[in-house]
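This report concerns only the one structure given below.
All values below were derived from every heavy atom in this structure, side-chain atoms included, with hydrogens, water molecules and symmetry-related copies excluded. Numbers restart at 1 for each chain; the letters A, B, ... are given by sequence-line order, proteins then strands.
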Amino acid sequence: MKLADKVYKVARKIPKGKVTTYDSIAKYLKTRAYRAVGQIMKRNPYAPKVPCHRVIKSDGSISGFSGFDPKNIKKKIALLIKEGVIVKNGKVSTEFIVRVQDFI
DNA sequence: CGCTTGACACCGT
DNA sequence: AACGGTGCCAAGC
């Protein structure tokens with residue numbers, strides 16, 4: 001069982017209208033590989049099943065899948081907003097950030 | 001099997 | 001408040 005599998009398993013349970021962070025997932029899995037989590041999400045072979053857009057940085061900013069393509073940023077943010085998440089200045093309001101242990 | 005690469009986090013300045 | 005350097009660990013090559 002690779003870390004990747006565990007990550008996907010957890011990530012797919014993120015409730016709509018909420019987001020979590022890379023380090024939160026890492027902590028929950030008893031590992032400090034929060035960086036690896038990022039790469040795992042990037043690969044994301046389970047595209048629709050794992051809502052990788054609901055995983056953000058600990059400071060609430062959205063990165064990666066959107067960070068490289070400015071056009072994609074707005075699209076993902078719009079998607080999150082559509083789900084009920086409030087995003088201002090490219091950052092998600094902390095009240096929508098949930099620790100993994102809270103929604104599992 | 002070892003080296004490089006990050007969708008990161010945590011200081012210190 | 002913003003920027004940069006440092007540390008961590010799994011995946012890929």
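Among the atoms of the strands shown, only primed sugar atoms or phosphate atoms (P, OP1, OP2) are found under 4.0 Å from some heavy atom of A:Ala4.
For the pair A:Tyr28 OH and B:dC8 C1', the computed distance is 21 Å after rounding to whole Å. In this structure, CG of A:Asn44 is placed 14 Å from P of B:dA7, rounded to the nearest angstrom. Distance CD1 (A:Ile62) to C1' (B:dC8): 15 Å, rounded to an integer number of Å. Atom pair A:Tyr22:OH and C:dA10:P shows a separation of 18 Å (rounding to whole Å applied). Put simply, CZ on A:Arg43 is 14 Å from P on B:dT5, counting in whole angstrom units. If you measure from atom CD1 of A:Ile25 to atom P of C:dC8, you get 22 Å, rounded to the nearest angstrom. The distance from atom CZ of A:Arg32 to atom C1' of B:dG6 is 19 Å, rounded to the nearest whole Å. Computed from coordinates, the A:Gln39 CD to C:dA10 C1' distance equals 8 Å when rounded to whole Å.
Nearest nucleotide to the A:Lys2 side chain, out of C:dG12, B:dC10, B:dT5: C:dG12. Checking C:dC8, B:dA7, C:dA10 against every side-chain atom of A:Leu3, the shortest atom distance belongs to C:dA10. Picking from C:dA11, B:dA7, C:dC9 the nucleotide with the shortest atom distance to the side chain of A:Lys42 gives B:dA7.
Between the CG atom in A:Asn44 and the NE2 atom in A:His53 there is a gap of 10.5 Å [rounded to 0.5 Å]. Between A:Ile104 atom CD1 and A:Lys9 atom NZ the span is 10.0 Å, to the nearest 0.5 Å.
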Stepwise side-chain contact (heavy atoms from CB on, under 4.5 Å) test for A:Lys27 and A:Val100: CA-CA 9 Å; A:Lys27 291 281 167 38; A:Val100 175; over 6 Å; no
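In this model, no side-chain donor or acceptor of A:Tyr34 finds a partner on the base of B:dG6 within 3.5 Å.
At distances below 3.5 Å, at least one donor-acceptor pair connects side-chain atoms of A:Asp59 with backbone N or O atoms of A:Ser61.
No side-chain heavy atom of A:Arg54 sits under 4.5 Å from any side-chain heavy atom of A:Thr20.
OP1 or OP2 of B:dA9 lies within a sub-4.0 Å distance of a side-chain N or O belonging to A:Ser58.
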